[in-house]
**Student:** 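Pasting in a structure now, in structure tokens, and then I'll have a few things to ask.
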Amino acid sequence: MLELQTIRENRAFVIERLAVKNVEATAVVDEIIALDQERRNRQKELDDVLARSNQLAKEIGQYFKSGQRDKAEEAKKETTELKVKSKMLAEDLDQVVEQLNSRLVELPNLPHASVPSGKSAEDNEKVHEEGVIPTLAENAIPHWELADKYQIIDFNLGSKVTGAGFPFYRGKGARLQRALINFFLDEALDAGYLEYQPPLLINEDSGFGTGQLPDKEGQMYYAGEDKLYLIPTAEVPITNIYRNVLLSESDFPIKNVAYSNCFRREAGSYGKDVRGLNRLHQFDKVEIVQIQHPDRSYETLEQMKEHVAGLLRKLELPFRILRLCGGDMSFTSALTFDFEVYSAAQKRWLEVSSVSNFESYQSNRMKLRFKDELGKTRLAHTLNGSALALPRIVAALLENNQTEAGIRIPKALQRYTGFELID
RNA sequence: GGAGAGAUGGCAGAGCGGUCGAAUGCGGCGGUCUUGAAAACCGUUGACCUUCACGGGUCCGGGGGUUCGAAUCCCUCUCUCUCCGCCA
């Protein structure tokens with residue numbers, strides 16, 4: 001969430017920036033500022049009462065020690081009144097704080113100055129494009145048909161056993177999955193990331209920490225019996241490692257990578273966009289996460305972007321990079337770049353990675369802080385990116401590399417798959 | 001799942017219901033010494049809210065309670081450890 005101080009000191013700026021995300025925040029911002037003032041007033045009142053109580057308690061102790069029973073009893077009377085009063089004040093304060101927090105949590109992160117305004121994906125800004133878009137033969141087919149033809153992914157079987165969006169990968173299809181995961185992890189390790197294997201279920205605090213809760217509750221699978229959520233991305237457990245942690249400046253940069261299954265309910269999506277591997281309820285992803293000093297987080301974002309671009313180059317996939325517009329950005333992000341690969345049989349661009357800087361938005365929720373060189377406690381910046389999400393990579397690989405003889409595996413991947421062709 | 005023990009500052013580890021935000025050690029920071037470093041010695045070193053400041057308040061796993069007063073007593077939740085059971 002946004003820092004209270006930012007809102008208090010830059011009211012107009014906050015409102016203006018949120019407008020880029022198409023949020024008309026004037027009313028909420030003003031309410032927050034008023035509640036904040038209210039909170040401080042109540043806090044002062046309560047503190048005064050407590051100060052008096054503390055003082056009396058000490059005096060009473062002294063009276064008992066020196067045997068002045070009567071004086072002690074006298075002081076007790078006042079202290080009893082104060083107790084009632086402080087209880088009431090504390091309840092008031094709690095209520096104000098709760099209101100304040102619930103308002104505060106409603107505000108999305110402020111978009112970075114470079115974020116273009118816009119309503120939807122249409123308005124995203126293309127910042128880069130590279131690679132050759134392949135021209136396929138007349139009889140080229142989409143990946144779901146290839147999957148069937150070569151018996152490497154079985155969607156129907158998944159539907160039978162679980163439901164739509166939970167495919168089985170089999171044979172070389174399963175091997176390809178495993179190869180991609182290892183390839184992505186090795187590349188991240190080479191780039192200096194530390195590998196983690198995280199839990200796939202998270203508690204409510206973690207969901208709140210990275211911003212999935214409360215607003216995106218319906219997007220996660222929920223194991224109600226144990227109050228645990230299935231992770232929509234490894235970002236959640238990996239970033240939450242640092243919840244309530246106080247780092248020192250020398251810890252930066254923290255670079256973590258994790259492979260995990262990801263679970264998304266994708267409630268409300270249907271139609272042709274969800275065909276085959278385009279949108280699944282369970283999929284595989286390698287995620288990179290960095291925790292960085294606020295002064296260096298944008299350099300880090302560039303570096304992460306370059307890492308992802310490198311992966312796509314090695315996979316020989318044509319891709320483009322988009323700077324997301326305000327309307328298409330996530331709630332928690334300050335700046336996001338999406339990577340899309342061209343899937344030649346579907347003749348469309350598929351999002352395969354999203355690299356974001358959250359600045360202090362997640363840190364503030366998580367109380368992820370560090371001590372700077374002056375010994376001052378400050379919020380760290382968090383960043384993450386997919387490197388990469390598998391299904392659409394597989395879709396593009398299958399479609400773009402289909403030949404008469406079978407599906408050609410890119411060079412860089414062959415030592416991981418152990419085969420050059422799916423046939 | 002059953003029985004028991006525990007949770008204290010960056011870490012380790014003390015702590016009779018009042019003067020404990022908390023001994024001590026380690027680590028960190030500053031200094032003396034040294035060409036430099038180490039060692040030794042001296043000093044310093046928690047977070048948060050509030051205040052221009054002085055100051056005030058909160059925090060000893062989370063929540064609730066007893067008491068004039070709780071790190072210390074009670075309840076509850078979570079987690080950790082030991083033993084038993086079950087099990088990849």
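Chain letters run A, B, ... following the sequence lines, proteins first, then strands; residues in each count from 1.
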**Student:** Looking only at atom P, what distance separates B:U76 and B:G6, rounded to whole Å?
**Tutor:** 16 Å

**Student:** What integer distance in Å separates A:Arg52:CZ from B:C68:P?
**Tutor:** 17 Å

**Student:** Sticking with atom P, work out how far B:G21 lies from B:U58, rounded to a whole angstrom.
**Tutor:** 10 Å

**Student:** What distance, rounded to whole Å, do you find between the two P atoms, one in B:A39 and one in B:U80?
**Tutor:** 38 Å

**Student:** Starting at the 5' end of RNA chain B, which residue's closest nucleotide do you reach first, A:Leu4 or A:Lys87?
**Tutor:** A:Leu4

**Student:** For B:G9 versus B:A5, give the span between their P atoms, rounded off to a whole number of Å.
**Tutor:** 23 Å

**Student:** Using whole Å, what does the distance between atom C1' of nucleotide B:G17 and atom CD1 of A:Ile60 come to?
**Tutor:** 14 Å

**Student:** Name the pairing partner of B:U34, where a pair is Watson-Crick or G-U wobble with both distances under 3.5 Å, or state none.
**Tutor:** none

**Student:** For RNA chain B, whose closest nucleotide is more 5', that of A:Leu56 or that of A:Ala51?
**Tutor:** A:Ala51

**Student:** Are A:Ser360 and A:Glu3 close enough that a side-chain donor and a side-chain acceptor fall under 3.5 Å?
**Tutor:** yes

**Student:** Side chains of A:Asn278 and A:Arg275: do they bring a donor and an acceptor to under 3.5 Å?
**Tutor:** no

**Student:** Please name the nucleotide paired to B:U80 by Watson-Crick or G-U wobble geometry with both distances under 3.5 Å, or report none.
**Tutor:** B:A5

**Student:** Base, sugar-phosphate, or nothing: which does A:Leu50 touch, judged by heavy atoms less than 4.0 Å apart?
**Tutor:** sugar-phosphate

**Student:** Whole Å only: how far is the CZ atom of A:Arg378 from the C1' atom of B:C48?
**Tutor:** 18 Å

**Student:** Please pick, from B:G65, B:C49, B:C48, the nucleotide with the shortest atom-to-atom distance to any side-chain atom of A:Arg369.
**Tutor:** B:C48

**Student:** Please report, rounded to the nearest Å, how far the C1' atom of B:G57 is from the CD atom of A:Glu45.
**Tutor:** 14 Å

**Student:** Taking atom P in both B:A22 and B:G10, what distance in whole Å separates the two?
**Tutor:** 15 Å

**Student:** In whole angstroms, how far is the C1' atom of B:U51 from the CG atom of A:Asn41?
**Tutor:** 13 Å

**Student:** So what does A:Asn54 hit on the nucleic acid, given a heavy-atom distance under 4.0 Å: a base, only sugar-phosphate, or nothing?
**Tutor:** sugar-phosphate

**Student:** Mind checking A:Thr377 for me? I need base, sugar-phosphate or nothing, with any heavy atom below 4.0 Å counting as a touch.
**Tutor:** sugar-phosphate

**Student:** Determine which nucleotide pairs with B:G21, using a 3.5 Å limit on both distances of a Watson-Crick or G-U wobble pair.
**Tutor:** none

**Student:** Quantified in whole Å, what is the C1' atom distance between nucleotide B:A3 and nucleotide B:C86?
**Tutor:** 16 Å

**Student:** Please determine, for B:A71, whether a Watson-Crick or G-U wobble partner exists with both distances under 3.5 Å, and give it or none.
**Tutor:** none

**Student:** Classify the nucleic acid contact of A:Lys371 as base, sugar-phosphate or nothing, counting any heavy atom under 4.0 Å across all strands shown.
**Tutor:** sugar-phosphate

**Student:** Could A:Arg392 and A:Glu399 be called an ion pair, given the rule that one side-chain N must be under 4.0 Å from one carboxylate O?
**Tutor:** no

**Student:** Could you list the residues that satisfy side chain to side chain contact (heavy atoms under 4.5 Å, CB included) with A:Lys77, not counting sequence neighbours?
**Tutor:** A:Glu74

**Student:** Atom CD of A:Gln43 to atom P of B:C49: distance rounded to whole Å?
**Tutor:** 10 Å

**Student:** Check A:Arg40 with A:Asp36, please: is the shortest side-chain N to carboxylate O separation under 4.0 Å?
**Tutor:** yes

**Student:** Rounded to whole angstrom, note down the P distance from B:G57 over to B:U19.
**Tutor:** 13 Å

**Student:** Applying salt bridge (Lys or Arg N to Asp or Glu O under 4.0 Å), name anything that partners A:Arg408, two or more places apart in sequence or on another chain.
**Tutor:** A:Glu316

**Student:** For B:G27, what is the paired nucleotide under Watson-Crick or G-U wobble rules, both distances under 3.5 Å?
**Tutor:** B:U45

**Student:** Measuring to OP1 and OP2 of B:U50, would you say a side-chain N or O of A:Arg39 lies under 4.0 angstrom away?
**Tutor:** yes

**Student:** Please report, rounded to the nearest Å, how far the P atom of B:C79 is from the NZ atom of A:Lys227.
**Tutor:** 11 Å

**Student:** Give A:Lys77 one of three labels, base, sugar-phosphate or nothing, depending on what nucleic acid heavy atoms sit under 4.0 Å from its own.
**Tutor:** nothing

**Student:** Would you say the base of B:G56 and the side-chain of A:Asp47 have a donor-acceptor pair closer than 3.5 Å?
**Tutor:** yes

**Student:** Does A:Lys44 put a side-chain nitrogen or oxygen below 4.0 Å from OP1 or OP2 of B:C49?
**Tutor:** no

**Student:** Among the nucleotides B:U51, B:G46, B:C68, which one has an atom lying closest to any side-chain atom of A:Arg40?
**Tutor:** B:U51

**Student:** Could you give the distance separating B:G46 and B:G27 at their C1' atoms, to the nearest angstrom?
**Tutor:** 14 Å

**Student:** Check the pair A:Lys44 / A:Asp47 against salt bridge (Lys or Arg N to Asp or Glu O under 4.0 Å), numbers first and verdict last.
**Tutor:** CA-CA 5 Å; A:Lys44 176 85 175 96; A:Asp47 285 357; over 6 Å; no

**Student:** Could you work out which one of B:A47, B:G18, B:G56 sits closest to the side chain of A:Ala57?
**Tutor:** B:G18

**Student:** Does the structure show a Watson-Crick or G-U wobble partner for B:G85, both distances under 3.5 Å? Name it, or say none.
**Tutor:** none

**Student:** Rounded to whole angstrom units, what separation is found between the CG atom of A:Leu246 and the P atom of B:G28?
**Tutor:** 16 Å

**Student:** Is the NZ or CZ atom of A:Lys216 both under 6.0 Å from the centre of the six-membered ring of A:Phe331 and within 45° of that ring's axis?
**Tutor:** no

